[in-house]
Amino acid sequence: MDGSQGPLAPGAARCPGLSWDDMLAAETRPVPKHLTEQSWTYLGSDPIAIERYTSPDFFRQEVEKMWPAVWQMVCRAEEIPEPGDTYLYENVGTSLLVTRQHNGTIRAFHNSCLHRGRKLRTASGWSKEFKCPFHGFTWNTDGSLKEIPCRWDFGHLKDETTALPEARLDQWGGFVFVNLDGKAPPLLEYLAPLPDHFVDWRLEDCVTAVWVAKVIPCNWKAVAEAFMEAWHSIVTHPQILPFTGDANSRYDLYGDHVNRAMTPFGALSPHLADKGHDEQFIVDSLMAFGGRAASGGPAPKVPDGMTARQLLGAANRAKFAAETGRDFSNATDSELLDAYTYNLFPNLSPWGGFTPNIIYRWRPWPDQDHTLMEVRLLQRTHKDKPRPAPVPMHFLGPDEPWAAATEMGALGNVYDQDMANLPFVQEGMKASKTGVIQLGDYQESRIRHFHQTLDRYLAT
């Protein structure tokens, strides 16, 4: 398949053959409106300057102008379920104590002693108070001042003006977000239309079942962008082509902060379309890989007149219902199979659809040449059983592959394939003669959308 379509207007090219929308038209259940409505516009074809990934000065501008202005996801509310539970969030110099209050609310305080500046805490955990290990200045977990040793020497400090500075905080979908400069629009407005799309998928009903992280020697944007398009699968992930419609993906762009890719599973890659494979080949390949519908037993046979997607959708409908006690009878095959990879600017990627939901987060760690990449798998809880506790983060060492996190199953090997590219992406960009990278008009439009939003923040 060479993709040749003759002369087309800029941005008009699409992969020949069956499209994601064609697959959606074959659904036998009502399809949510937001899945059928396309939201895409041509953003141009200009190259992207490599200094955006390699320059310390550009990185400094991000730290000063962009990061304080956006909503940042700091944790899941499930990680701090009880009063006093505190999550330490750190990113490019910011350090916050995100703490569950006695009334059940969550607040975020800057993690710096107002006396001599020492961090009040260096790890997450339960706190009855925030006491500075240097001189003992102490605050209550609501940020109010509790104690000053040798108070007689600080008559100029008043309790009401010596509370810990607080960051703006809000929640959605079980996630806790903060905004540092206090000027961002309300969280739901910033997230739009993501909350409307996730109404039925309810990530607040999920719990963190897997959480793995690793530092990658590559710029945080370049790492994130490796997950903004599906067509790298043809070379980087060839083992998934028998059941992944990589080049069939549809891309949507919304406002400044949200975009998504929708990649069909249970469908043959168009790169293999001329190989003579049938529907049974697709099912056998997905089962061997260990995909969502895999049960550990033999692959089911595809009945005459049924597609692989219909068979796998039915299998997941029954499997997820048995695992969660929830009703998926109205869920489309697509919602039970496909990858709905949303990106929320700047550094969060929650997958839509039904369980399990992958969540990506990328943070500079600590400079323009390194990234902390986190992968969570959210599992929908059983509606009639106590909610389990979330798992802690499994932090991989520099020499540990993602596959060492066996709890990830087949995904670990997939991420190792991605990571085999990324350090050399950073090195290659620094060695570039042209000083720019080139993007596809459609399949990499989410990357261009990301950079145009970043430019708006840097221009303020």
Side-chain angles (χ1 to χ4, degrees), residues 27-35 73 75-83 85 87 100 103-106 170-177 187-188 191 193-212 262 265-266 290-297 300 309-342 344 348-360 375-393 407-409 411:
E27 291 283 354
T28 58
R29 289 166 172 79
V31 179
K33 185 177 180 181
H34 67 85
L35 295 183
M73 190 278 279
C75 66
R76 292 275 297 171
E78 67 199 38
E79 295 169 56
I80 46 174
E82 301 297 331
D85 287 347
Y87 182 87
R100 178 78 67 176
N103 64 0
T105 62
I106 301 174
D170 205 343
Q171 300 180 61
W172 168 80
F175 297 102
V176 179
F177 292 83
L187 178 62
L188 292 183
L191 297 176
L194 194 147
D196 288 341
H197 290 195
F198 279 72
V199 165
D200 291 332
W201 302 332
R202 295 186 57 81
L203 296 187
E204 57 268 33
D205 290 341
C206 297
V207 66
T208 301
V210 175
W211 185 9
V212 183
M262 296 189 289
F265 290 146
R292 279 182 169 182
S295 60
R309 283 174 62 79
Q310 290 169 337
L311 175 68
L312 294 167
N316 276 355
R317 198 170 284 109
K319 178 184 178 184
F320 296 163
E323 291 174 347
T324 67
R326 300 177 186 271
D327 182 11
F328 295 95
S329 58
N330 291 324
T332 62
D333 296 336
S334 177
E335 292 173 284
L336 297 162
L337 283 174
D338 296 336
Y340 302 158
T341 312
Y342 286 76
L344 173 65
L348 184 67
S349 178
W351 282 36
F354 291 106
T355 191
N357 296 78
I358 298 174
I359 310 295
Y360 299 134
V375 180
R376 292 182 191 240
L377 269 66
L378 299 186
Q379 186 71 43
R380 208 160 301 273
T381 58
H382 195 289
K383 71 178 184 67
D384 297 322
K385 296 181 180 179
R387 184 185 183 94
V391 300
M393 185 173 74
E407 63 269 34
M408 301 185 77
L411 285 176

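- Although no hydrogens or angles enter the test, the distance criterion places no donor-acceptor pair under 3.5 Å between the side chain of Arg309 and the main chain of Glu27.
- Atom CG of Leu35 is separated from atom OG1 of Thr332 by 6.5 Å, given to the nearest 0.5 angstrom.
- In this structure, the separation between OG on Ser334 and CZ on Phe265 is 10.5 Å, given to the nearest 0.5 Å.
- Using cut-offs of 30° and 60° on the angle between ring planes, the pair Phe175 and Trp172 is parallel.
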Step by step, work out the side chain to side chain contact (heavy atoms under 4.5 Å, CB included) result for Leu187 and Gln171. CA-CA 8 Å; Leu187 178 62; Gln171 300 180 61; 5.7 Å; no
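- Here Glu78 pairs with Arg76 in a salt bridge; the nearest charged N to carboxylate O distance falls below 4.0 Å.
- You'll find the side chain of Leu378 stays beyond 4.5 Å of the side chain of Val207, heavy atoms only.
- No side-chain N or O of Tyr360 forms a donor-acceptor pair with one of Thr341 less than 3.5 Å apart.
- The two residues Ala77 and Ile106 come nearest to each other via the heavy atoms CB-CD1, 4.2 Å.
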Between Glu407 and Val212, is a side chain to side chain contact (heavy atoms under 4.5 Å, CB included) present by the stated rule, with each step listed? CA-CA 9 Å; Glu407 63 269 34; Val212 183; 3.6 Å; yes
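- The minimum heavy-atom distance linking Pro388 with Thr381 is given by the pair CD-CG2, 4.2 Å.
- The backbone N or O of Gly104 lies less than 3.5 Å from a partner atom in the side chain of Arg100, making a donor-acceptor pair.
- For Asp333 against Ala314, the heavy-atom pair with the smallest separation is OD1-N, 4.3 Å.
- Ion pairing between a basic and an acidic side chain is recognised when a charged N comes within 4.0 Å of a carboxylate O; Arg376 and Glu79 show such pairing.
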For Arg380 and Glu323: C-alpha separation, side-chain torsions, deciding distance, then whether side chain to side chain contact (heavy atoms under 4.5 Å, CB included) applies. CA-CA 9 Å; Arg380 208 160 301 273; Glu323 291 174 347; over 6 Å; no
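- In summary, the aromatic rings of Phe354 and Phe320 are positioned with their centroids too far apart to meet the 6.0 Å limit.
- Atom-to-atom distance recorded for Tyr340:OH and Phe198:CZ is 10.5 Å, nearest 0.5 angstrom.
- How far OG1 of Thr208 is from CE of Met393: 12.0 Å, rounded to the nearest 0.5 Å.
- Asn316 CG to Glu335 CD: the interatomic distance, rounded to the nearest 0.5 Å, is 12.0 Å.
- Looking at heavy atoms from C-beta onward, Val210 lies out of side-chain contact with Pro356 at the 4.5 angstrom threshold.
- A donor atom on one side chain and an acceptor atom on the other are found under 3.5 Å apart for Tyr342 and His197.
- Residues satisfying the ring pair (Phe, Tyr, Trp, His ring centres under 6.0 Å) test with Trp211, not counting sequence neighbours, are none.
- Arg317 and Ala331 get closest at one heavy-atom pair: NH2-O, 2.8 Å.
- Across all their heavy atoms, Gly352 and Asn357 have their closest contact at O-ND2, 3.3 Å.
- Listed by chain and residue number, Ile80, Pro81, Glu82, Trp126 satisfy the side-chain contact (heavy atoms from CB on, under 4.5 Å) test with Asp85 (two or more places apart in sequence, or in another chain).
- In this structure, Met408 and Val375 have side chains that are in contact, with non-hydrogen atoms separated by less than 4.5 Å.
- Without hydrogens or angle criteria, Asp170 side chain to Phe177 main chain gives no donor-acceptor distance under 3.5 Å.
- Within the model, atoms CG of Leu203 and CD1 of Ile359 stand 5.5 Å from one another, a figure rounded to the nearest 0.5 Å.
- Applying the 6.0 Å contact sphere to CG of Asn103 captures more than 12 heavy atoms from other residues, nucleotides or ligands.
- Residue pairs satisfying the salt bridge (charged side-chain N to carboxylate O under 4.0 Å, His left out) criterion with at least one member in residues 200-210, sequence neighbours excluded, are listed as follows: Arg202-Glu204, Arg202-Asp205, Asp205-Arg326.
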